[in-house]
Each structure stands twice: as C-alpha cells, then as structure tokens.
S.K.: 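Provided herewith is a single structure, encoded as structure tokens, for subsequent inquiry.
On a predicted model such as this, the values are computed, not experimentally measured, just so you know. Whatever order the structure lists ligands and atoms in, that order sets their numbers, starting from 1.
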Amino acid sequence: MTILSSPHELKNYLKDKRQTIGFVPTMGALHEGHISLIKKAKSENEFVVVSIFLNPTQFLKGEDLDKYPKKDEADKKICELSGVDILFFPQVQDMYGTDEVSIQAPHVRGYVLEGTSRPSHFNGVLTVVMKLLNIVNPTNAYFGKKDAQQLNLISLMVKQLFMSVNIIPVDTVRQSDGLALSSRNVYLNETQRKEALKIPSSLHGAGIMVSKNILESELIIKQMREILEPLEVVYVEILSREFEIIKQVEIGNSIILVEVKVGTTRLLDNIWL
Ligand code: AMP
C-alpha cells in the first residue's frame, strides 16, 4: 500500500491509470462500516483509493473537531489488511488555502434535517468531496446509506454539476444488537450506549408497522417518538428517496430518518423502505 499526502502527487500517480478506480472517502477512526465500503470498492474495481481526512470545514464552531477520535496507525493497518492500493492522508494545508472557492449546498435539501442544526455543514461536506473527487478522479465512489442526507446531496451535486463519477450507496453496518456503527459511538458510556439502542428499536418498530400495512407517516413518527423517549429527538422524518416529505410510506421509495442526542453525542440512523 502506498501512502500519499500531496494532492498533486496523488493526481500525478493516478493520471495514466487505465484501471477502474474505486474511491472511499473517510474521516478516519475506521470501523466495520468503513471496511464494508472498502470491500465493496475492492470487489467492483481494479484499483482502490481510500482517503482519511478530518475535514475542518464541515464542523461548526463548538462541534467535536478537536476531540474527534484519531486512530492513524490502526487505520493504516486496517487499510493495508483490506487490500487498499493507495491511502491518501493529507493535512489541512494540503487541502485548503486562503480565500477559498466553495460549493454551496442547495437551499432546501441542504438546510433540512441535519442542516437545520448544522447550517453550513453540508457546504463543507460538498466542498471537500468535490476536491477529493477531482484529485482521485475515480470510476466509482462509495458512500454509506447511514448518512442518507449526505449521500443524497453528493448524488445531487454529481448530477447537477455533470460530473462523471458513479456514486455507489452502501448498506449500514450494525453491531449485533442493532446499533449502527459510527466513529462517534466511542463517546458513549455504558448507560448511554444502552439508551442509544432505542434508535434501532424505533426503526425496527417502524418497519413492523409498514409490514402490517400501517403506512401513515404521522402514526409511524408518533410511535417512533414514543419508543425514543426520554432521548432528545432532533428529528424523525419520513421522506421519499428524492428527499421530499411524504404523508405515507411508499414501499421502494421511502427513507425514515432519525437523529437523537444521547448526552452531547448526535447519533444518526435510518431505514430504507
Ligand atoms: P466518516 O468517516 O464518518 O465520514 O464516514 C465515511 C463513510 O463511511 C461515509 O460514506 C459514511 O456514510 C460511511 N459509514 C459510516 N458509518 C457506516 C456504517 N455503520 N455502515 C456503512 N457505512 C458507514
């Protein structure tokens, strides 16, 4: 595995590659969720690039940038063992200058759900993803369905800016008790981790309602909020795959999304129905 930190060096390295390139962007502290993206990229491409970059522009003031978990050496080992060809590990100064051009998230889809409480978050996400895609120029780029709004906005950017990369969604990896894997789970103490299980329970409950043909969004959201009590719910929404609010679940075209705060930790999860 080759490790590079310079965007120009990486661009140069990849410029004459005739192979298909699969790309997995991450912020590090890798877990089985990230590994499943890497495995999928390995199985669908001849060459795999993973980036680890804790992108400061997607964190708002007062958020957890400084205490975000860092596991550089373990991450390198995971990438090596997973058969990654290039690990791109840039520093902030390699990726950003001053007086920067940036991508603006769309005014509706970028400012609902997570974008309500984190207003400039998706500008930072889209800008760094655009930079990374331009550096790597992959055939396919892999993103988790767990961050459904992020996945939706990246797919939209690629379509609206006529970019040629394929965005490939990857299913959420969970622990055996249902909790979705997240780098932020390390912030939870034992009690909080138990409380956090209300999140997959609420989504499971929603799935059962839908299987019984109870499809009204209002009823499903009400039951989910009851299951989530007493956690602080940031939102529970039922949207179409195009991210429009829908009054009824439409099988094959719906996502139920939830964000809660457990202590000070924000946890996201969703179910695609
Ligand atoms: P992050 O390092 O949190 O920026 O995540 C990097 C990528 O991994 C994103 O595309 C995430 O959606 C994806 N990801 C994070 N957690 C999971 C998970 N539990 N299952 C599948 N993909 C995930």
S.K.: Name each donor-acceptor pair under 3.5 Å that joins a side chain in residues 266-273 to protein atoms two or more places apart or in another chain, with its distance.
M.R.:
unit_1	atom_1	unit_2	atom_2	d
Arg266	NH1	Ser117	OG	3.3
Arg266	NH1	Glu259	OE2	2.6
Asp269	OD1	Arg174	NH2	2.9
Asp269	OD2	Arg174	NH1	2.9
Asn270	OD1	Trp272	NE1	2.9
Asn270	ND2	Lys145	O	3.0
Asn270	ND2	Lys146	O	2.9

S.K.: Donor-acceptor pairs under 3.5 angstrom involving side-chain atoms of residues 200-212: please list them, not counting sequence neighbours.
M.R.:
unit_1	atom_1	unit_2	atom_2	d
Ser201	OG	Leu197	O	2.9
Ser202	OG	Lys198	O	3.4
Ser202	OG	Ile199	O	2.7
Ser211	OG	Ile208	O	2.6

S.K.: Output yes when a side-chain donor or acceptor of Glu63 lies under 3.5 Å from a complementary backbone atom of Leu60, and no otherwise.
M.R.: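 Yes, because the side chain of Glu63 sits within donor-acceptor range (under 3.5 Å) of the backbone of Leu60.
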S.K.: If we ignore hydrogens and angles and just use 3.5 Å, is the side chain of Glu44 paired with the main-chain N or O of Ala41 as donor and acceptor?
M.R.: no
S.K.: Hey, does the side chain of Gln192 reach the backbone of Asn189 with a donor-acceptor pair shorter than 3.5 angstrom?
M.R.: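 Yes; judged by distance alone, with no hydrogens or angles, the pair exists.
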S.K.: Please list, one pair per line, the donor and acceptor atoms closer than 3.5 Å that link side chains of residues 72-82 to other protein atoms, with sequence neighbours excluded.
M.R.:
unit_1	atom_1	unit_2	atom_2	d
Glu73	OE2	Lys76	NZ	3.4
Asp75	OD1	Leu30	N	2.9
Asp75	OD2	Ala29	N	2.9
Ser82	OG	Ile78	O	2.6

S.K.: Are there any N/O pairs under 3.5 Å between ligand 1 and the protein, and if so, what are their distances?
M.R.:
unit_1	atom_1	unit_2	atom_2	d
ligand 1	2 (O)	Met27	N	2.9
ligand 1	2 (O)	His34	NE2	2.9
ligand 1	5 (O)	His34	NE2	3.4
ligand 1	10 (O)	Gly144	N	2.9
ligand 1	12 (O)	Gly144	N	3.2
ligand 1	12 (O)	Gly144	O	3.4
ligand 1	12 (O)	Asp147	OD2	2.6
ligand 1	16 (N)	Leu181	O	3.4
ligand 1	19 (N)	Val173	O	3.0
ligand 1	19 (N)	Leu181	O	2.8
ligand 1	20 (N)	Val173	N	2.8

